[in-house]
A.B. asks: 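One structure follows; several queries about it will come next.
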There are 4 protein chains.
Amino acid sequence: MPAMPPKRRTKARKQPLQQRSRETVAVILEAAARVLEARGLEGYNTNAVAERGGISVGSVYQYFPNKDALTLALITRFEDALLAKVRDAVAASEGKSLTASLNLIVRAQLEAHAERAGLNRILEAEEDRLRPASSGTSAAGELKELVADLLARHRREIARPVDDDAVEDLIVISRAMVDHALQNNLSQAAATRRVLRAIEGYLFGPRPDS
Amino acid sequence: MPAMPPKRRTKARKQPLQQRSRETVAVILEAAARVLEARGLEGYNTNAVAERGGISVGSVYQYFPNKDALTLALITRFEDALLAKVRDAVAASEGKSLTASLNLIVRAQLEAHAERAGLNRILEAEEDRLRPASSGTSAAGELKELVADLLARHRREIARPVDDDAVEDLIVISRAMVDHALQNNLSQAAATRRVLRAIEGYLFGPRPDS
Amino acid sequence: MPAMPPKRRTKARKQPLQQRSRETVAVILEAAARVLEARGLEGYNTNAVAERGGISVGSVYQYFPNKDALTLALITRFEDALLAKVRDAVAASEGKSLTASLNLIVRAQLEAHAERAGLNRILEAEEDRLRPASSGTSAAGELKELVADLLARHRREIARPVDDDAVEDLIVISRAMVDHALQNNLSQAAATRRVLRAIEGYLFGPRPDS
Amino acid sequence: MPAMPPKRRTKARKQPLQQRSRETVAVILEAAARVLEARGLEGYNTNAVAERGGISVGSVYQYFPNKDALTLALITRFEDALLAKVRDAVAASEGKSLTASLNLIVRAQLEAHAERAGLNRILEAEEDRLRPASSGTSAAGELKELVADLLARHRREIARPVDDDAVEDLIVISRAMVDHALQNNLSQAAATRRVLRAIEGYLFGPRPDS
DNA sequence: TATGAATGAGCCTTCATTCAT
DNA sequence: GATGAATGAAGGCTCATTCAT
């Protein structure tokens with residue numbers, strides 16, 4: 001079992017309360033994103049980020065205690081964006097059929113991932129390394145809730161008991177399918193179809209015997 | 001779009017034809033595995049590997065042109081082991097029902113991953129970075145074939161057309177579910193049940209309309 | 001021979017004539033002292049000092065041209081305090097025997113050093129680095145005078161000629177002994193005894209032959 | 001009280017058993033010494049040391065885990081040299097009078113310090129910072145023993161009880177006097193005279209009353 | 001005057017890789 | 001083939017100092 005590296009601060013070093021600060025933080029994040037996109041994890045370093053952002057390294061460290069914290073902030077930004085899209089999709093699916101709702105949600109996910117596919121893939125890979133082993137994010141929590149609520153609303157149409165495990169599995173499956181679709185450059189349509197097929201299989205498939 | 005890094009040899013520098021050589025390669029691989037397990041990606045470096053293996057760095061470079069090639073060899077070793085287990089499971093499922101066959105295969109997968117869970121997770125994460133974007137491995141190819149054959153044999157019990165996409169999706173889903181199960185330290189039993197549920201949902205679920 | 005670093009201002013940038021200014025300077029000095037005590041030379045930096053003092057870095061630079069000047073001010077503050085204590089001791093020893101007088105002075109020194117032992121040790125170490133090689137401070141000068149006067153008053157009881165060298169040596173010896181005593185956490189009583197023993201040995205010892 | 005900085009390895013990273021290695025270590029130490037002499041603590045950094053030694057930084061870190069360890073090695077080197085000189089002086093003073101013996105020892109000390117006065121002063125200053133607060137070195141221990149033995153041999157000529165405290169005080173006093181002498185560029189003769197005066201005062205002075 | 005965000009030179013340290021032995 | 005000392009590019013990070021507001 002890998003030894004846990006010595007704890008390091010990974011929270012923001014200073015809350016960007018001032019206007020100027022908030023802008024700088026935004027600049028840093030965007031610069032980091034661009035470096036990651038342009039040069040990959042390989043060429044991603046704080047000096048490059050600073051240069052790209054037209055600021056100094058010192059400024060990066062004014063707001064992020066270390067490189068990992070910066071990456072983590074990027075991950076959070078992505079998660080928040082994803083979550084927002086899903087939230088909207090869920091809201092928009094009020095009154096719609098389960099299939100239609102799922103369709104909306106899957107599209108939302110695909111969009112969120114597709115927007116900056118290269119970047120997001122890298123971030124997802126880094127997440128594993130940076131999160132202390134399944135430390136539930138609030139974002140992850142809310143996603144579960146959203147899905148759970150949707151499923152609950154359509155309980156009767158679903159062939160299996162809708163418990164926490166089901167919600168989790170559904171998220172795992174759709175995330176994997178979405179990633180796979182993007183990796184293979186599937187068209188929006190094909191991607192949606194395949195992801196949906198997987199999800200609906202899970203939901204409407206035969207009630208498990210065991 | 002990420003700039004392609006300058007091409008580097010990532011194939012083994014020489015085929016270990018001699019007995020002695022083959023042993024050394026094995027030593028190196030095992031040392032690398034152990035370093036990865038003990039210290040994580042963080043503490044994984046060629047000097048540490050050499051030390052752990054009781055050999056010199058120079059020897060590592062005798063058999064692997066660079067660090068990535070070594071990691072890749074480790075990944076291949078894992079994939080081969082997995083494939084072997086799956087192959088056996090498929091062989092053993094001759095004449096059995098589809099459900100029983102899947103059960104065997106899923107167990108095989110779980111076993112392969114569980115054996116050195118920590119190590120394998122790291123390797124899977126590295127795979128993304130090291131494979132030039134979906135460059136089909138022969139191992140991946142054979143896995144597809146195995147699954148395709150099994151499904152073909154039970155075609156009539158399956159609710160959807162058994163095409164390449166279906167095979168791919170099935171692999172994606174089960175891999176994701178297996179990873180997730182291991183990550184959450186599910187028991188063998190629970191893991192098997194949930195992975196199977198997902199797979200069977202996909203196979204026996206309602207025929208897609210579109 | 002060490003190259004002389006480029007000359008830098010190390011004097012206070014402006015005389016704190018105004019009441020407010022004087023207060024700010026005091027705040028800065030005390031903040032610096034506390035940082036030094038709490039985090040050592042390692043964690044002693046102008047930003048930390050400003051934060052500790054509840055002011056901005058800019059303000060620190062308003063009153064001190066650079067970090068060294070601040071440290072030097074701290075050293076001076078300590079020296080002044082020491083000198084004041086010694087001056088009082090000398091005044092109080094009017095009419096007393098030499099031994100009694102020395103006792104008072106040694107106690108004064110010990111007190112001054114003990115008050116903030118950790119801080120003062122650091123400052124003494126920094127003094128070496130910051131003073132351009134034995135540039136006599138006025139404080140050092142006055143100390144010499146005080147000691148010289150005391151010795152002159154008791155000339156007849158002393159076994160050796162009381163010249164400048166003797167005064168200097170006496171100061172060197174007692175300073176070293178006091179430092180050593182504090183470093184080893186000797187009790188007031190033990191410390192006083194040993195320091196006095198050293199001093200009296202020097203004064204009352206055999207007249208040097210050469 | 002200053003917080004103790006996180007423990008770091010300060011022992012040699014690798015024992016220089018091979019001939020080549022031993023040479024490299026010597027090169028590094030001498031380079032470090034020269035950098036310290038030429039540019040002071042200010043310009044003392046591992047890159048400069050490597051450059052000065054005509055080797056690469058990597059080599060420095062092959063033998064010293066960090067900069068402080070290197071400095072510490074330099075300190076030890078100095079202490080060992082000093083000790084060797086004192087040991088010789090003690091040996092040479094066999095059968096001589098106490099005064100003559102002290103004379104030899106003081107000269108030895110002065111020589112050791114004078115040899116590279118600038119360097120040694122810096123090292124002494126760093127010692128405080130680098131040694132975990134009065135962690136008795138073996139060198140310090142042996143010095144005490146040497147002095148104690150000498151004094152014991154001449155017990156009858158000494159005016160005070162020769163206990164551990166006396167030995168310690170004597171060492172403190174002579175070290176302070178030697179440092180002071182070098183700092184003021186006293187001539188060998190003057191320095192010796194003054195240091196001896198201080199020591200003899202301590203030894204032959206009046207028996208303390210208290 | 002005060003503020004504190006921004007700067008950026010510079011230092012420590014790591015580690016993949018080489019190559020003389 | 002093996003060895004392991006040596007290399008040195010590269011990158012994370014700090015902190016004294018400045019200056020626009």
Side-chain angles (χ1 to χ4, degrees), chain A residues 8 14 16-21 23-25 27 42-51 53-68 70, chain B residues 8 14 18 20-21 24 42-51 55-70, chain C residues 8 14 18 20-21 24 42-51 55-70, chain D residues 8 14 16-21 23-25 27 43-51 54-68 70:
Chain A
R8 293 159 106 215
K14 174 180 283 193
L17 295 178
Q18 317 297 329
Q19 175 58 23
R20 177 94 154 305
S21 298
E23 272 170 32
T24 303
V25 168
V27 164
E42 196 69 17
Y44 171 58
N45 63 261
T46 53
N47 289 301
V49 169
E51 194 176 6
I55 56 173
S56 70
V57 229
S59 288
V60 174
Y61 283 89
Q62 184 108 55
Y63 298 102
F64 300 94
N66 53 54
K67 194 189 171 188
D68 283 351
L70 173 57
Chain B
R8 293 158 105 218
K14 71 170 22 178
Q18 317 299 329
R20 176 83 168 300
S21 297
T24 306
E42 193 73 17
Y44 171 59
N45 62 263
T46 53
N47 290 294
V49 169
E51 192 176 7
I55 56 173
S56 69
V57 232
S59 290
V60 174
Y61 281 86
Q62 190 87 49
Y63 295 102
F64 300 94
N66 54 53
K67 193 188 175 189
D68 283 350
L70 172 57
Chain C
R8 294 157 105 219
K14 70 166 29 172
Q18 315 301 327
R20 176 84 168 298
S21 297
T24 304
E42 193 73 16
Y44 171 58
N45 62 262
T46 52
N47 289 296
V49 169
E51 192 176 7
I55 56 174
S56 68
V57 230
S59 290
V60 174
Y61 282 86
Q62 189 87 52
Y63 295 102
F64 299 94
N66 55 52
K67 193 188 175 189
D68 284 349
L70 171 57
Chain D
R8 293 161 106 212
K14 173 180 282 194
L17 294 179
Q18 317 297 329
Q19 176 56 23
R20 177 93 154 305
S21 299
E23 273 170 31
T24 305
V25 168
V27 165
Y44 171 59
N45 63 263
T46 53
N47 289 300
V49 169
E51 194 176 4
I55 56 172
S56 71
V57 230
S59 288
V60 174
Y61 283 88
Q62 185 108 55
Y63 298 101
F64 301 94
N66 52 55
K67 193 188 172 188
D68 282 351
L70 172 57

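Hydrogens, waters and symmetry mates play no part in the numbers below; they use all other heavy atoms, side chains included. Naming: A, B, ... by sequence-line order, numbering from 1 per chain. These numbers were taken from a predicted model, which means no experiment stands behind them.
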A.B. asks: Tell me the interatomic distance from A:Y63, atom OH, to E:dG4, atom P, rounded to whole angstroms.
C.D. replies: 12 Å

A.B. asks: Might you point out which heavy atoms bring B:A48 and B:G43 nearest each other, and give the distance in Å?
C.D. replies: CB-O, 4.0 Å

A.B. asks: At 4.0 Å (heavy atoms only), tell me whether A:N47 reaches a base, stays on the sugar-phosphate, or touches nothing.
C.D. replies: base

A.B. asks: DNA chain E: C:V57 or B:V57, which has the more 5' nearest nucleotide?
C.D. replies: C:V57

A.B. asks: Do the side-chain N or O atoms of A:S56 get closer than 4.0 angstrom to the phosphate oxygens (OP1, OP2) of E:dG8?
C.D. replies: no

A.B. asks: For the pair made of OH in B:Y61 and C1' in F:dG4, what is the distance, rounded to whole Å?
C.D. replies: 13 Å

A.B. asks: Look at D:T24 and F:dA6 and indicate whether a side-chain polar atom (N or O) is within less than 4.0 Å of OP1 or OP2.
C.D. replies: yes

A.B. asks: Which atom pair, heavy atoms only, marks the closest approach of A:A50 to A:V60?
C.D. replies: CB-CG2, 4.2 Å

A.B. asks: In terms of the nearest nucleotide of DNA chain E, which residue is placed more toward the 5' end: D:G43 or D:G58?
C.D. replies: D:G43

A.B. asks: Whole Å only: how far is the CZ atom of A:F64 from the C1' atom of E:dA5?
C.D. replies: 15 Å

A.B. asks: Do the non-hydrogen side-chain atoms of D:Y63 and D:L70 ever get within less than 4.5 Å of each other?
C.D. replies: no

A.B. asks: I need the CG-P distance between B:N45 and E:dT14, as an integer number of Å.
C.D. replies: 10 Å

A.B. asks: Between B:Y61 and B:T46, which heavy-atom pair has the shortest distance, and what is it?
C.D. replies: OH-CG2, 3.5 Å

A.B. asks: OP1 or OP2 of F:dA5 sitting under 4.0 Å from any side-chain N/O of D:S59?
C.D. replies: no

A.B. asks: Does F:dT21 have a Watson-Crick or wobble mate here (both distances under 3.5 Å), and if so which one?
C.D. replies: E:dA2

A.B. asks: Looking at every non-hydrogen atom in both residues, tell me the closest pair between B:S59 and B:I55 and how far apart they are.
C.D. replies: CB-CD1, 4.1 Å

A.B. asks: Looking at A:T46, I'd like to know whether one of its side-chain N or O atoms comes within less than 4.0 Å of OP1 or OP2 on F:dG12.
C.D. replies: yes

A.B. asks: What is the distance, to the nearest angstrom, from the OH atom on C:Y44 to the P atom on F:dT17?
C.D. replies: 11 Å

A.B. asks: To the nearest Å, give me how far apart CG (C:D68) and C1' (F:dC15) are.
C.D. replies: 13 Å

A.B. asks: Return no unless some side-chain N or O of C:Q62 is found under 4.0 Å from OP1 or OP2 of E:dA2.
C.D. replies: yes

A.B. asks: Nearest-Å distance, NZ (C:K67) to C1' (F:dC15)?
C.D. replies: 8 Å

A.B. asks: B:E51 CD to F:dT3 C1': how many Å, rounded?
C.D. replies: 14 Å

